[in-house]
Amino acid sequence: MSEGPIAEQVKRRRTFAIISHPDAGKTTLTEKLLLFSGAIQIAGSVKARKASRHATSDWMEIEKQRGISVASSVMQMAYRDCVINLLDTPGHQDFSEDTYRVLTAVDAALMVIDAANGVEPQTRRLLQVCRARRTPILTFVNKMDREVKDPLDLMDEIERELGMEVVPFTWPVGMGKVFHGVMDLREQQMRVFSGGEDRDRHNDEILQGIQNPAYAERFGAQYEQAAGEMALLADAAPLFERDAFLQGRQTPMFFGSAVNNFGVREVLDALVDLAPAPGERAAIQRVVQPEEAKLTGVVFKIQANMDPAHRDRIAFVRVASGHFKRGMRLKVARSGKELRPNTVVSFLSQRRELLDEAFAGDIIGIPNHGVLQLGDTLTEGENLQYTGLPFFAPEMFRSVEVADPLRTKQLRAGLTQLGEEGAIQVFRPAAGSLLLLGAVGQLQFEVVAHRLEHEYGVKARILPSRFQVARWVTAETGLGAAADERELKRFIDGNSHRVAYDAVDAVTVLVEYAPELRAIETNWPLIRFHALREHAGLVFQKQLEG
């Protein structure tokens, strides 16, 4: 396909992630976006642990049991002649690495804020990642059917805490038991609220005009207050500037109640109207344009056991350019190996369909058995490497052993796959047989133990570890690659009791205390210690550590 038709297809794509602090309603909103787009007919419940329906994006057994999202989900849907790729991310900070990697694969983010709690810690962290990447952000203030903060205070808090201008596109009339609806400030109309969930609402009452005199009589004091606030906004609120939005300096704000299907359609329309189509992407060698004829893509996520019966591993690939066709020959830039995938799939969470073609912005799934790793670049033959997929040094460590020694092989196989997936960091000590697990938070260890038991049939004992700090190491002698390799080997031989290898065999040093690390740094001036690494095979990106 030539660049002209590819460019037309690229313009139709919208790829975004939903981000929030836990319990802000992110997964519920995801369900309702799927509902309003027609991708599903009945929305599942996030909280109903004993119910027969669960959220489409919460497909793991542990997610259904606990009512939380612990893995990112990918869903594709069609709406208003656009192809929307929606990625639901975990809200819990223990799974933030998965979320950070997903944010490298999207062109925009939808931030969900609990109107009662305002800006919460995980929201701030995720916004820092978005701002660093200049990712455009839309804001949905959720749970207006409850007693919540004053909307003007919320607007001020978002601007102050997140350092970005807020432009209200809708404005609430009332809250809690007297929540009457939202005024669309651009369309000059009010959508009247009524409770109810599960099914699409085709017959919402819409009243025309902002100054309609019937509002005051019908909605009383709540409308009078909202009218005063809207008059203030008309004078004080900034005008929407598309360039400021695209650079992450301005966010459009919408109000609603996802559980009641209210305010969802406005958000879906805004994603189509405002979110950018896929843009250019920087590789080490050059900048790649999305409408180029040749296909390129990057693996940003690997998920094991989406179908537990087949022990499968799916590599999620963000198509960055070109036209993907099922069965085409692809090259893995890191290894030089060739793939010819014939069972490529698109997703609605764990449900999948065979895919015949895809374009820049689309997320495709390639089944593989260890051929692809996180961060791999796929091309039609060009030597190209995309950058920016981060791995952070873990903050907590545990050793792991199998309860039944006869299941040792299954334990290692399970941990290898979970390590490749990025669900946990797995370290293989240079001296010793016990595998070490590294994580950002305690919940990751609990999830890994659960998945080992239910997906691999292995009961594992997660034990304390003496290590508290990890750093990846490289040598930098200034005398060339051979000298660097010799210096690195000298370091490994001299520190074998504290050296380990991660899932991609990157050399890591593990220590018990930060002062011990400082002493090692002093004793080995030609060794560099990194709290962040990128994809295997790359030189560490100093600008990412700065």
Side-chain angles (χ1 to χ4, degrees), residues 25 28-29 32-33 35-37 43 79-80 110-116 138-156 158 165-240 245 250-274:
T28 300
L29 179 58
K32 300 311 174 75
L33 291 171
L35 182 71
F36 273 67
S37 71
Y79 182 72
R80 283 180 44 195
L110 174 57
M111 174 175 65
V112 184
I113 289 183
D114 185 326
L138 295 93
T139 299
F140 179 71
V141 180
N142 193 23
K143 305 184 182 181
M144 290 303 300
D145 57 319
R146 304 182 183 183
E147 293 303 319
V148 297
K149 292 186 177 183
D150 179 85
L152 282 175
D153 290 343
L154 274 170
M155 181 176 168
D156 180 65
I158 293 170
E165 285 186 337
V166 174
V167 183
F169 274 51
T170 66
W171 197 254
V173 177
M175 68 175 71
K177 292 181 179 179
V178 288
F179 178 47
H180 298 302
V182 295
M183 191 74 72
D184 188 323
L185 300 178
R186 296 188 160 251
E187 297 296 327
Q188 302 277 298
Q189 62 186 24
M190 178 177 173
R191 188 178 296 273
V192 180
F193 174 77
S194 59
E197 54 183 301
D198 285 348
R199 298 187 182 277
D200 194 341
R201 304 291 297 281
H202 293 288
N203 301 312
D204 279 348
E205 183 182 3
I206 297 177
L207 305 177
Q208 298 297 325
I210 286 186
Q211 304 299 330
N212 190 328
Y215 290 157
E217 181 178 346
R218 180 169 175 180
F219 303 121
Q222 288 76 42
Y223 175 72
E224 295 292 342
Q225 180 177 344
E229 292 168 345
M230 288 186 286
L232 180 63
L233 292 172
D235 294 329
L239 295 175
F240 177 70
F245 163 66
Q250 205 179 66
T251 178
M253 181 166 67
F254 301 83
F255 292 85
S257 168
V259 75
N260 287 288
N261 301 336
F262 194 77
V264 177
R265 190 177 299 282
E266 287 83 350
V267 170
L268 193 54
D269 285 332
L271 284 164
V272 169
D273 295 335
L274 303 180

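Atoms considered below: every heavy atom in the structure, side chains included; atoms not considered: hydrogens, waters and symmetry mates.
- Taking all atoms of both residues into account, the shortest heavy-atom contact from Pro151 to Met175 is CD-CE, 4.3 Å.
- Between Phe254 and Phe140, the gap from one ring centroid to the other reaches at least 6.0 Å.
- Tyr215 is listed as a side-chain neighbour of Leu207, based on a closest heavy-atom distance under 4.5 Å.
- Look at Lys177 and Glu147 and you find no salt bridge, because none of the NZ, NE, NH1 or NH2 atoms lies under 4.0 Å from a carboxylate O.
- Side-chain contact check for Val192 versus Ile206: every heavy-atom pair is 4.5 Å or farther apart.
- Partners of Asp273 by side chain to side chain donor-acceptor pair (under 3.5 Å), not counting sequence neighbours, listed by chain and number: Arg80.
- Tyr223 places no side-chain N or O within 3.5 Å of a backbone atom of Ala214 that could act as its donor or acceptor partner.
- With a 6.0 Å radius and a threshold of 12 heavy atoms from other residues, nucleotides or ligands, Glu217 has its CD atom at or below the threshold.
- Applying the side chain to side chain donor-acceptor pair (under 3.5 Å) test to Gln250 and every residue at least two apart in sequence or in another chain returns Glu165.
- Shown here are the side chain to side chain donor-acceptor pair (under 3.5 Å) partners of Glu187, two or more places apart in sequence or in another chain: there are none.
- Atom CD of residue Gln189 and atom CD of residue Gln208 lie 5.0 Å apart, to the nearest 0.5 angstrom.
- Applying the ring-ring contact (aromatic ring centres under 6.0 Å, His included) criterion to Phe179, with sequence neighbours excluded, gives Phe193, Phe262.
- Side chains of Met144 and Val148 form a contact here, defined as non-hydrogen atoms less than 4.5 Å apart.
- Counting heavy atoms from C-beta on, the side chains of Val166 and Thr139 never come closer than 4.5 Å.
- Side-chain atoms of Arg191 and Asp184, non-hydrogen and from C-beta on, never get closer than 4.5 Å to each other.
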Please list, one pair per line, the donor and acceptor atoms closer than 3.5 Å that link side chains of residues 226-238 to other protein atoms, with sequence neighbours excluded.
| residue | atom | partner | partner atom | Å |
| --- | --- | --- | --- | --- |
| Glu229 | OE1 | Trp171 | NE1 | 2.8 |
| Glu229 | OE2 | Gln225 | NE2 | 3.2 |

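- Counting heavy atoms from C-beta on, the side chains of Met155 and Pro168 come closer than 4.5 Å.
- Considering only residues two or more places apart in sequence or on other chains, Thr170 meets the side chain to side chain donor-acceptor pair (under 3.5 Å) condition with none of them.
- With Val267 as the fixed residue, the side chain to side chain contact (heavy atoms under 4.5 Å, CB included) test singles out one of Asp269, Val264, Leu271: Leu271.
- How far OG of Ser194 is from CG of Asp145: 11.5 Å, rounded to the nearest 0.5 Å.
- Side chains of Val167 and Thr251 form no contact here, defined as non-hydrogen atoms less than 4.5 Å apart.
- Contact record, Val182 with Pro172: CG1-CA, 4.1 Å, taken as the closest heavy-atom pair.
- Ring geometry for Phe219 against His180 counts as tilted: the plane angle lies between 30° and 60°, on a 0 to 90° scale.
- Taking a cutoff of 4.0 Å between a charged side-chain nitrogen and a carboxylate oxygen, Arg218 and Glu224 do not qualify as a salt bridge.
- Leu138 is listed as a side-chain neighbour of Leu274, based on a closest heavy-atom distance under 4.5 Å.
- When atom types are taken as modelled, the side chain of Asn142 and the backbone of Ala258 share a donor-acceptor pair closer than 3.5 angstrom.
- Checked by atom type and distance alone, the side chain of Lys32 pairs as donor or acceptor with a backbone atom of Val259 at under 3.5 Å.
- Ring-centre distance between Phe36 and Tyr79: not below the 6.0 Å cut-off.
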